[in-house]
Amino acid sequence: MNRIQTKTEITLHFPWDFKDAIKVFLAYLVLMFIGTPIIVRILQAIIGYTVQNNDVGYRTTILFVSLFVNLFLCLYVFYIACVKYHQSITMLGLSLENLSRNIKQGVKRYLITLPLIMLAGFLINAISNYYEITPEMQDVVEWVLSEKSGFVLFSLIFFGSVIAPVFEEIIFRGFLQSALKNSFGKNYAIIISASLFAFVHMDIFAFLQIFILGLLLGYLYERTQTLAASIVVHILHNSLTLMFLLFFKFFSNGKMPVF
């Protein structure tokens, strides 16, 4: 264990607790899966378009509503940490300390873990084929493969590869994992936060892969006590995934290989 890690684990104490974690996670579920569709429908009614006659406008609205919902959730986290408990944002892992070293460590660990993530995909696919189950394509995958608007496609890629990872790391690692750590300890906190992270993606066939990624991100946060490594790795993973989808969109007529 290095000197910086030892010092950080001894001195850091997170005042937010399990109750705060429940409030934030419930707010996440309600706003993302109930609030977002309702807001989009309200905006549809106000602006006066429907999915059938303005697909580009509908998808653009979903993207920007999702952006503001995620921003609101992060502001809620900042409120709890900075206003309710009078803590610095560095307590949420937003620190540039040892930035270069932490990022290098994160990328190295990701390259080691990536084959395991891919192996999980092959395993799930093999089980699905054995039981003759056809996995449903994720909404974001179908969206990328079918989208024709350059603006919407660019917005989707930017949101998915940059914005979403930053917001998700603040919520799931910076806040939820640190809150769970107070009640369950470091190792269980990593496992629980990774499980919640995989759950909210709402894809049973990709659950194992996302769970493994979540374990890595949680481990990096605990090891470095900053979000720099986990954010960079999360951005890297999402970017590689989207690049993979774009390759098959433009060079394989949208036909995805079997994994």
Side-chain angles (χ1 to χ4, degrees), residues 14-44 51 58-85 89 92-94 135-143 156 159-184 188-218 221 227 230-231 234-235 237-238 241:
F14 303 101
W16 41 90
D17 55 21
F18 184 62
K19 291 182 180 179
D20 294 313
I22 292 177
K23 291 178 183 178
V24 169
F25 186 67
L26 288 178
Y28 184 95
L29 292 179
V30 170
L31 289 175
M32 291 301 294
F33 299 110
I34 300 177
T36 297
I38 291 176
I39 295 172
V40 169
R41 289 183 181 180
I42 292 174
L43 290 175
Q44 279 185 277
V51 180
Y58 174 74
R59 288 179 168 179
T60 303
T61 303
I62 290 179
L63 276 175
F64 283 96
V65 170
S66 298
L67 171 63
F68 284 108
V69 165
N70 276 276
L71 178 60
F72 176 81
L73 287 165
C74 282
L75 291 175
Y76 181 40
V77 166
F78 290 147
Y79 168 80
I80 294 175
C82 302
V83 178
K84 181 179 178 180
Y85 291 110
I89 61 171
L92 291 168
L94 296 173
E136 291 186 7
M137 189 179 295
Q138 284 183 287
D139 291 339
V140 66
V141 174
E142 184 177 0
W143 192 347
L156 175 62
F159 180 82
S161 61
V162 179
I163 303 299
V166 174
F167 286 156
E168 289 177 352
E169 289 309 300
I170 292 173
I171 295 170
F172 284 92
R173 252 61 63 177
F175 187 83
L176 289 180
Q177 184 169 308
S178 58
L180 293 168
K181 183 178 176 180
N182 288 338
S183 299
F184 302 101
Y188 283 114
I190 293 175
I191 294 172
I192 295 172
S193 64
S195 299
L196 296 176
F197 176 64
F199 169 77
V200 299
H201 283 78
M202 303 298 288
D203 186 349
I204 189 172
F205 295 99
F207 184 93
L208 182 58
Q209 293 168 286
I210 300 173
F211 174 71
I212 295 172
L213 176 65
L215 290 178
L216 172 63
L217 298 174
Y221 175 59
L227 291 176
S230 63
I231 287 176
H234 199 156
I235 288 174
H237 180 79
N238 284 18
T241 301

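For reference, positions follow the sequence shown, starting with 1. If you're wondering where the values come from, they're calculated on a predicted model, not measured in any experiment.
A 4.5 Å side-chain heavy-atom check between L156 and V140 finds at least one atom pair inside the cut-off. When side chains are defined from C-beta on, I210 counts as touching F197, because their heavy atoms get closer than 4.5 Å.
Taking S195 as the reference, I191, F211 meet the side-chain contact (heavy atoms from CB on, under 4.5 Å) condition, with sequence neighbours excluded. Every side-chain contact (heavy atoms from CB on, under 4.5 Å) that F64 has, sequence neighbours left out, goes to T60, L67, F151. F184 meets the ring pair (Phe, Tyr, Trp, His ring centres under 6.0 Å) test with F18; sequence neighbours excluded. Shown here are the side-chain contact (heavy atoms from CB on, under 4.5 Å) partners of P135, two or more places apart in sequence or in another chain: S128, F205.
With N70 contributing its side chain and A164 its backbone, the two residues share no donor-acceptor pair below 3.5 Å. Checked by atom type and distance alone, the side chain of N182 pairs as donor or acceptor with a backbone atom of W16 at under 3.5 Å.
Within 6.0 Å of the CZ atom in F78, the count of heavy atoms belonging to other residues, nucleotides or ligands exceeds 12. Counted within 6.0 Å of CG on L71, heavy atoms from surrounding residues, nucleotides or ligands total more than 12; the atom is thus considered enclosed.
Within the structure, salt bridge (charged side-chain N to carboxylate O under 4.0 Å, His left out) pairs that include any residue of residues 188-202 do not occur (at least two apart or interchain).
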Side-chain donor-acceptor distances from residues 165-176 under 3.5 Å, at least two apart:
| unit_1 | atom_1 | unit_2 | atom_2 | d |
| --- | --- | --- | --- | --- |
| E168 | OE1 | H234 | NE2 | 3.2 |
| E169 | OE1 | R173 | NE | 3.0 |
| E169 | OE1 | S230 | OG | 3.1 |
| E169 | OE2 | R173 | NH2 | 2.7 |
| E169 | OE2 | H234 | ND1 | 2.7 |

If you look only at distance, which donor and acceptor atoms sit under 3.5 Å apart when one is on a side chain in residues 19-35 and the other is two or more places apart or in another chain?
| unit_1 | atom_1 | unit_2 | atom_2 | d |
| --- | --- | --- | --- | --- |
| D20 | OD1 | K84 | NZ | 3.0 |
| D20 | OD2 | D17 | N | 3.1 |
| D20 | OD2 | Y85 | OH | 2.7 |

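Within the model, atoms CD1 of I212 and CD of Q209 stand 7.5 Å from one another, a figure rounded to the nearest 0.5 Å. Considering CG of L217 and CG of L227, their distance stands at 10.0 Å, rounded to 0.5 Å. Taken to the nearest 0.5 Å, the CD1 atom of I163 stands 12.5 Å off from the OG atom of S66.
In this structure, I89 and C82 approach most closely via the heavy-atom pair CG2-SG, 3.6 Å.
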